[in-house]
Amino acid sequence: MKHDTVLNQLAEVLESRKQAPADSSYVAKLYANGLDSILKKVGEEATETVMAAKDGDKDKIVYEVADLWFHTLVLLAQQNLHPDDVLNELARRFGMSGLVEKANRHS
Ligand SMILES: N=c1c2ncn([C@@H]3O[C@H](COP(=O)(O)OP(=O)(O)OP(=O)(O)O)[C@@H](O)[C@H]3O)c2ncn1[C@@H]1O[C@H](COP(=O)(O)O)[C@@H](O)[C@H]1O
């Protein structure tokens, strides 16, 4: 499957889980448990990513970043945002020096 298709299809599945009973799916359970349960997973997966990188274990880094990306996609869906919103922001920044981008940020 093409990589942009993975993101779009996953976003569709995450959207459809909003109608699913809480006990029928992992994502439906996260939604049912509310924003804080999703934020907790994002925090945990970020920490696990840091630990994998400190261990220098490439396979583990990929695995943990996949968990982190997945849970941030759940967060976006819960907030009625789409991966395209983030990709558009990255595209806007593309080619712009990080220092310039930072100087243009509002506080
Ligand atoms: N990509 C993923 C994906 N990545 C990780 N995970 C889940 O994220 C959790 C990661 O948490 P941990 O590593 O802390 O493991 P855990 O101890 O089992 O987690 P907890 O039960 O403590 O939350 C695990 O339960 C994984 O199964 C995912 N669950 C679902 N997806 C995708 O989402 C789709 C919908 O999933 P369901 O809603 O479950 O059908 C699936 O078809 C997949 O495409």
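Whatever order the structure lists them in is the order used to number ligands and atoms, beginning at 1.
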Audit row: Asp55, Lys60, salt bridge (charged side-chain N to carboxylate O under 4.0 Å, His left out) steps and yes/no: CA-CA 9 Å; Asp55 289 346; Lys60 209 164 157 213; 3.5 Å; yes
Is there a side-chain contact (heavy atoms from CB on, under 4.5 Å) between Asn8 and His82? Walk through the geometry before answering. CA-CA 9 Å; Asn8 282 323; His82 190 273; 3.2 Å; yes
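Within the 4.0 angstrom cut-off, atom 11 (O) of ligand 1 has one or more protein heavy-atom neighbours. Protein heavy atoms are found less than 4.0 angstrom from atom 35 (C) of ligand 1. For atom 27 (O) of ligand 1, the protein comes within 4.0 Å by no heavy atom at all. Within a 4.0 Å radius of atom 42 (O) of ligand 1, the protein has no heavy atom.
Backbone and side-chain nitrogen or oxygen atoms of Leu10 are examined, and none is located within less than 3.5 angstrom of a nitrogen or oxygen of ligand 1. Checking only distances, Lys41 does come within under 3.5 Å of ligand 1, N or O to N or O.
Looking at Lys40 and Asn33, their side chains never bring a donor and an acceptor atom within 3.5 Å of each other.
For the pair Thr49 (side chain) and Glu45 (backbone), a donor-acceptor distance under 3.5 Å is present. Counting only distance, with no hydrogens or angles, the side chain of Lys18 and the backbone of Gln78 share no donor-acceptor pair below 3.5 Å. Of the possible donor and acceptor atoms, one in the side chain of Asp57 sits under 3.5 Å from a partner among the backbone N and O of Asp59. No side-chain donor-acceptor contact under 3.5 Å links Asp85 to the backbone of Leu81. Proximity of a side-chain donor or acceptor of Thr47 to a complementary backbone N or O of Gly43 within less than 3.5 Å is detected.
When Ala66, Ser24, Ala28, Ser25 are ranked by how near their heavy atoms come to atom 38 (O) of ligand 1, first place goes to Ser25.
Close approach of ligand 1 to Val13 is summarised as follows: ligand atoms under 4.0 Å from at least one heavy atom of the residue are 34 (C), 35 (C). Distances below 4.0 Å separate heavy atoms of Asp67 from the following atoms of ligand 1: 4 (N), 5 (C), 13 (O). Of all atoms in ligand 1, numbered sequentially from 1 with element shown, those under 4.0 Å from a heavy atom of Glu45 are 10 (C), 11 (O), 12 (P), 13 (O), 14 (O).
The single protein non-hydrogen atom nearest to atom 39 (O) of ligand 1 is Tyr26 N, 3.0 Å, given as residue, atom name and distance. Here the protein heavy atom with the shortest distance to atom 40 (O) of ligand 1 is Arg17 NH2, 2.8 Å. Looking at atom 30 (C) of ligand 1, its nearest protein heavy atom turns out to be Phe70 CZ, 3.3 Å.
Of all the heavy atoms in His71 and Val42, the pair that sits closest is O-CG2, 3.8 Å.
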